[in-house]
Every structure is written in C-alpha cells, then in structure tokens.
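Scope of the values below: all heavy atoms of this structure, side chains included, with no hydrogens, waters or symmetry mates. Start at 1 and go down the list; that is how both ligands and their atoms are numbered.
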Amino acid sequence: MRDYATAASEFDYHQTVSAILSGDLAAMNACVECCDRHADTDKVALIWEGREGQRATWTFSQLKDAASRFANFLDSHGIKPGDTVAGLLPRTPELLITILGTWRVGAIYQPLFTAFGPKAVEHRLKESGAKLVVTNTANSEKLDGIEAAPSRLVVGNGADDFWTHVNRESPDFAPVLLDGDAPFLAMFTSGTTGPAKQLHVPLKAIVAFVTYMRDAVDLQPEDNFWNIADPGWAYGLYYAVTGPLAMGHSTLFYEGGFTVDSTCRVISEYNITNMAGSPTAFRLLLASRDEVESKIKGRLRAVSSAGEPLTPEVIRWFAAGLGCKIHDHYGQTELGMVLCNHHALSHAVNIGTAGYAMPGHRVVVLDDQHRELGPGEPGMLALDRNQSPLLWFNGYAGTRTKAFVSHYYLSGDTVELNPDGSISFVGRSDDVITTSGYRVGPFDVESALVEHPAVIEAAVIGKPDPERTELVKAFVVLHASHQGDKALAEQLQLHVRQRLSAHAYPREIEFVSELPKTPSGKIQRFLLRDQEKNAKQASTAAAS
Ligand SMILES: CC(C)(COP(=O)(O)OP(=O)(O)OC[C@H]1O[C@@H](n2cnc3c(N)ncnc32)[C@H](O)[C@@H]1OP(=O)(O)O)[C@@H](O)C(=O)NCCC(=O)NCCSC(=O)CC(=O)O
C-alpha cells in the first residue's frame, strides 16, 4: 500500500501531468482513453443486466466498433467537435455507445437523468444548446412539448430505431484529438436561488478520475466492480463509466431499480468484490441486516460511499456484519472526489469524517472573511486553486454565479478540520437539499409547485431524516378556492414527479396561510428549517 503522506506531497508530479494535458503537447480523446487503449484484447468493458433480466457483455473492441459507427452517424448529421449531444437513456449498452461515440467526434456528452420530467429536461437542453438527444420510447415523450427541441434518435423506435441508423454506418472513424482543456462533459448541478447550473468538464479531469479510482476506490484488475450510481449524475458518469473504463476495467450496468433483494442477488451472481454507492442505499441494506448478512457476508472486499455523509453505524456494521471495509468519500459535480478515506493509501481512518484531501488537491476551511481556519472551527470547504494541480473546475457556463474568491473555489459546504488532517462534513451553508445522495435545488421544486393551479406560492426545505439524510418538504400556500387536504397533497406530489423529477418531489407537504419572508420579499427558508428542528426536539423530549 502506498504511503498517503508521500502521495499527497507529489505536487510537482501532478502539476506536470496537468500541464502536459492542457498544453500544445496534448492530444486527447475520451473515447480513446476509455475504449481504444484497451481494445486490442478480448477484455470485457460492460456487463449489462436489463430491466427484464436480459444479459449481455460487451468487450472494449465491440464498443469501439459500435462507438465508431455512432460517431459516423453524428458526423453525417452535422455534429462537430465542441457540439453537445445529450443522452436520456437508462443504464443500457446504447447509453454507453452514445457516450463513447459522442466523445469520438470531439463532441460534449450531456447526461439527462431518466427520472426527470419535461421541465427539468427542457431547462437543461435549452442551457446546453444540445444538437441531438438520444433517448428511448419510454422517455421520448418528455421532449414533445419543448420549443425548438433538438433532433432525436430513439432506441426501440421500429424502422427508425437507433440500431437501424448506427448499423448502416462504417466501423471506422478516426477519433478527433483535442487538448486537455477541451470539454467532454456538460453537467448540471442544483443551485439555491435559481435553476440548475451548467458546467463543463475538461478532458484532463480524466486524470483526476483515474487517480480517485486507484487511490481511494482501490480498483484492482481482479476486482469485479459495481458502482450503483446512475450515469445521469456525476457520481455515476465519473466513477461508474469514465474512471473504470479509462483504467481498462469493466463496469456493470444494472438497469433495474434499487431493492435490497436485487442488490444482494447482483453482488452474489456477478461476484462483486468492489462496490460503490450512496449512504441511503447502504442504510437500506442495514435495515434488512439479517437477510443481507445471510446472502452476501464475506463477498465484498472494498466499498466506497459518497453523496451524503456515511453514518458510523453503517461503517461498523459493514466491518462486523459483512466482513468488509466501507469508506466515506466527499465530492461535488464541480470537483469530482476531493476528500477520501482512501482504500489504497495508508493513513488512519477517522470514522465519521469525509477523509483527507485527495492527492493533487489542497483542501482548506475558510471563515467568513476567507481566512484559512485551523482544527475545531467550522467554516466553508474550499479548494486552493494555486496548489491543486488536479483541480479542473473553471466556473459555471452562462451564469453569473460566483464560485471563486481570490484563489479559492468555495464549495458551499460547511465542514470542520480535525487535528489529524481529516475533515468532517457539518452541513450546507445554503438552502440546497441533500436527499438520498442527490443534490436538490429548492428553487426548482418551488417553481414546479407554483405551476399547479391550486398553488399561490411555496417554500421547499430539507427536513432531517435518519434514512435519506434529508427529506424534501414543501410549505404551500393555496388559493382560497382550494382545500389543503391529503388528496391535494398527493396531487401536488404527482405533479412535481411528472413535471420535474421522480427523485425530487416533496415527500412531505404542509399547507400554510403564509410564508416567512424578509421585508424585501425573499423567502426565509432557514426559519422553516429551524421550525422543523424545534418540532423534532419537542417530540423527542416528549417521548423520553
Ligand atoms: C439510495 C437509492 C438507491 C434509493 O432509491 P429509491 O428508489 O428508494 O429512492 P429515490 O429517491 O432514488 O427514487 C425516487 C423515485 O424516483 C424513481 N427513480 C429513481 N431512479 C430512477 C431512474 N434512474 N429513472 C427513473 N426513475 C427513477 C424511483 O423509482 C422512485 O420512484 P417511486 O417513488 O415510485 O418508487 C437512490 O436514491 C440512489 O441511488 N441514490 C444515489 C444518488 C447518487 O448517485 N448520488 C450522487 C450523485 S448526485 C450528484 O452528483 C448531484 C450533485 O452533486 O450535483
């Protein structure tokens, strides 16, 4: 095992790699990194299990062939380097071929989560200016009402199917080489005062993704790896697709939804030894501990967790009940992972913390005046841009949202440095909600609610929850003509699920006569959060 202190001090090495990838010397293509480099043998790249139990494996070489055909399709339809192609697809081989083929022509891939409704899809497509969306028959109608929608290619669309078009094309397409600062992913992340914001990920970020897979996930050639996160988001796209494939390792797409039973079955049937996912999933496994222990004890070697803080109870159960280490990691769409309890670097693991700065990054804690804080004082997690050669984030596209102050990137997360150098997560310093590992913007949910004819206005907060970290809770003011009852609450939930997204709907709705506001009319969400905390404390006190 490599020594953490040595790895973390390799500043010159990381700087050199980063400089080479950004300079004139660079000639990168993400499809080459994630496919061509590993295509000279029969190595498996993708193991797929479909929603109906269908199974298939794809080698790197087969993927290269299909991605090249798709690249020719894109080229013949006028997609040029720097254009954006979106994927609104579940975890299927067609999704991976879309991603790789888009990269091959030097274009930018934009993920669209399949739980999104038309509102979330429309906003993201307008912002990105995507020229083409690849989707399937189940999701295609989400594009129907979009004004000036991009053209679409649909999987399962009879004579006009994805494969009909792709199979017609030649399997030869020379990858377009770009420098390391050229974007290859268009990501969106939720904000607090406005709709989701776009950011571009440059090709050189692949180096940081691979460093994470090697040092923190400890992905070994003999591992069978499964990251359960959906590639519609950063965790899945960076670390279930790009990271493992760039290492020449296979990845597993399990298309079905999450259940304890299916998770145990997949781990057993595919001999999974190295796994990744969000704490909510691991807490759901813990809730069925007897069943899970009887099915998978001793099978896993290393497990990584990110998206929300991992509770110590889960860490202890993994060690005692499953005979396996689970380590907490912290990242953002803007950063990738930057704090890790590394599986492959030797340092003491401080249980309950997000871990130590990933090599190539200098992570600091800042006070309100942007001065660096020492241990024991909560402040804002920030990245020192001058001393983080693997940091690739360069700001949001097309918004005036400020991410940088001086040479720091400000994360919006409140953390605390511990005396041993590890960092503990304390909470968000804004109104962004963390639920089931997803970052949900209150503004997006509020905007969807007020589109319902019964609603005058709404305020949305995260309510602390032992299983999902926070639940999305909405406080809703109704027009006088409507009655705030259970039936209307269910109607509003359905409305948000269908318009915005199935994962971001308010699981709790409270009807109120007014919302707390500043004199200038801004909703004071923190007062609603305090109210929820006080109510919880009062009920705990009454119960004891
Ligand atoms: C922990 C879970 C397995 C729990 O799954 P559950 O299905 O119980 O609950 P959920 O809240 O996710 O789902 C709510 C509803 O959305 C539906 N749903 C979920 N995923 C879906 C998908 N891919 N396509 C279509 N529908 C989907 C579910 O069926 C459910 O519907 P119904 O209610 O009908 O059952 C999952 O939430 C999960 O994988 N979370 C991890 C998220 C993650 O990867 N985070 C890191 C990246 S976030 C990130 O990178 C963003 C950022 O930081 O900016």
Side-chain angles (χ1 to χ4, degrees), residues 51 87-92 95 111-117 120-121 124 135-136 138-139 142 185 187-192 195-199 201 226-241 253-263 266 275-288 304-310 314 328-338 393 396 403 411-413 425 428 430 432-441 444-445 462 465 467-472 490 493-494 496-498 500-507:
R51 205 167 275 281
L88 177 59
L89 285 170
R91 282 164 272 202
T92 52
L95 170 66
L112 292 168
F113 187 39
T114 46
F116 284 156
V121 169
R124 285 164 174 79
T135 186
N136 61 1
N139 286 283
K142 293 174 186 171
L185 294 173
M187 306 300 294
F188 280 76
T189 183
S190 297
T192 179
K197 314 178 283 257
Q198 185 184 194
L199 61 112
V201 184
W226 183 30
N227 179 350
I228 67 173
D230 193 294
W233 295 102
Y235 195 15
L237 195 49
Y238 300 174
Y239 305 116
V241 176
F253 278 3
Y254 172 68
E255 198 188 332
F258 176 89
T259 65
V260 170
D261 186 52
S262 64
T263 304
V266 171
M275 184 181 171
S278 76
T280 297
F282 299 126
R283 286 193 283 266
L284 292 169
L285 293 181
L286 173 59
S288 303
S304 304
S305 169
E308 346 151 46
L310 185 62
V314 173
D328 198 5
H329 303 153
Y330 164 93
Q332 286 189 335
T333 303
E334 294 91 329
L335 300 172
M337 298 296 175
V338 292
F393 178 57
Y396 300 104
S411 70
D413 285 325
F425 183 85
R428 277 300 291 182
D430 57 20
V432 172
I433 300 161
T434 299
T435 181
S436 305
Y438 298 109
R439 207 164 127 173
V440 172
D444 289 327
V445 186
D465 180 76
E467 202 157 75
R468 293 179 185 267
T469 302
E470 291 181 320
L471 284 188
V472 178
E490 284 171 4
Q493 287 174 325
L494 187 65
V496 178
R497 287 178 63 107
Q498 289 175 341
L500 182 66
S501 184
H503 78 294
Y505 74 95
R507 286 178 190 258

The single option from Asp230, Val440, Val472 passing side chain to side chain contact (heavy atoms under 4.5 Å, CB included) against His503: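 One option only clears the test, and that one is Val440.
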
Of Thr114, Leu95, Leu89, Leu88, which meets side chain to side chain contact (heavy atoms under 4.5 Å, CB included) against Asn136? Leu89

With heavy atoms of [X] as the reference, note each atom of ligand 1 found under 4.0 Å away.
X: Asp230; answer: 23 (N)
X: Thr189; answer: 54 (O)
X: Thr280; answer: 1 (C)
X: Thr114; answer: 22 (C), 23 (N), 24 (N), 25 (C)
X: Ser278; answer: 1 (C), 40 (N), 41 (C)
X: Arg497; answer: 31 (O), 32 (P), 33 (O), 34 (O)
X: Arg439; answer: 52 (C), 53 (O), 54 (O)

Counting non-hydrogen protein atoms only, what is the nearest one to [atom]? Give residue, atom name and distance.
atom: atom 13 (O) of ligand 1; result: Arg507 NH2, 4.3 Å
atom: atom 48 (S) of ligand 1; result: Gly437 O, 3.3 Å
atom: atom 16 (O) of ligand 1; result: Ala502 CB, 3.3 Å
atom: atom 9 (O) of ligand 1; result: Arg468 NH1, 3.3 Å
atom: atom 20 (N) of ligand 1; result: Phe113 CZ, 3.6 Å
atom: atom 44 (O) of ligand 1; result: Ala229 CB, 3.4 Å

Please examine the side chains of [Y] and [X], heavy atoms only from C-beta on, and report whether any two atoms are closer than 4.5 Å.
X: Tyr438; Y: Ser278; result: no
X: Tyr238; Y: Thr333; result: yes
X: Phe282; Y: Ile228; result: no
X: Met187; Y: Leu237; result: yes

Kindly indicate whether [atom] is approached by any protein heavy atom to under 4.0 angstrom.
atom: atom 35 (O) of ligand 1; answer: no
atom: atom 7 (O) of ligand 1; answer: no
atom: atom 46 (C) of ligand 1; answer: yes
atom: atom 30 (C) of ligand 1; answer: no

Can you confirm, on distance only, whether ligand 1 has an N/O atom lying under 3.5 Å from any N/O atom belonging to [X]?
X: Phe258; result: no
X: Thr333; result: yes
X: Trp233; result: no

At their closest point, which heavy atom of [X] faces which heavy atom of [Y], and how far apart are they?
X: Leu199; Y: Phe393; result: CB-CE1, 3.8 Å
X: Ala306; Y: Pro279; result: O-CD, 3.5 Å
X: Thr263; Y: Met275; result: CG2-CE, 4.0 Å

Using the side-chain hydrogen bond (donor to acceptor under 3.5 Å, both in side chains) criterion, which residues pair with Thr469? Sequence neighbours excluded. Arg283, Glu308

If we set the cut-off at 4.0 Å for heavy atoms, which region of Glu467 has an atom near ligand 1: side chain, backbone, both, or neither? neither

Parallel, tilted or perpendicular: which one describes the rings of Tyr330 and Phe425, with boundaries at 30° and 60°?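 Rings of Tyr330 and Phe425: tilted, 30 to 60°.
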
For Tyr235, give me all partners under ring-ring contact (aromatic ring centres under 6.0 Å, His included), at least two apart in sequence or on another chain.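 Checked Tyr235 against ring-ring contact (aromatic ring centres under 6.0 Å, His included); zero matches.
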
Does ligand 1 have any atom that is closer than 4.0 Å to a heavy atom of Gly236?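 It does not; every heavy atom stays at 4.0 Å or beyond.
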
Residue selection (non-hydrogen contact nearest atom 12 (O) of ligand 1) among Tyr438, Phe188, Tyr239: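 Nearest option to atom 12 (O) of ligand 1, by heavy atoms: Tyr438.
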
Nearest neighbour of atom 41 (C) of ligand 1 from the list Gly307, Ala115, Gly336, Ser436, on a heavy-atom basis: Ser436

Can you check whether Arg124's main-chain N or O pairs, donor with acceptor, with Gln198's side chain at less than 3.5 Å?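 Not confirmed, Gln198 side chain does not pair with Arg124 backbone.
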
Short question: side chain of Arg468, backbone of Thr435 - any donor-acceptor pair under 3.5 Å?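 Absent.
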
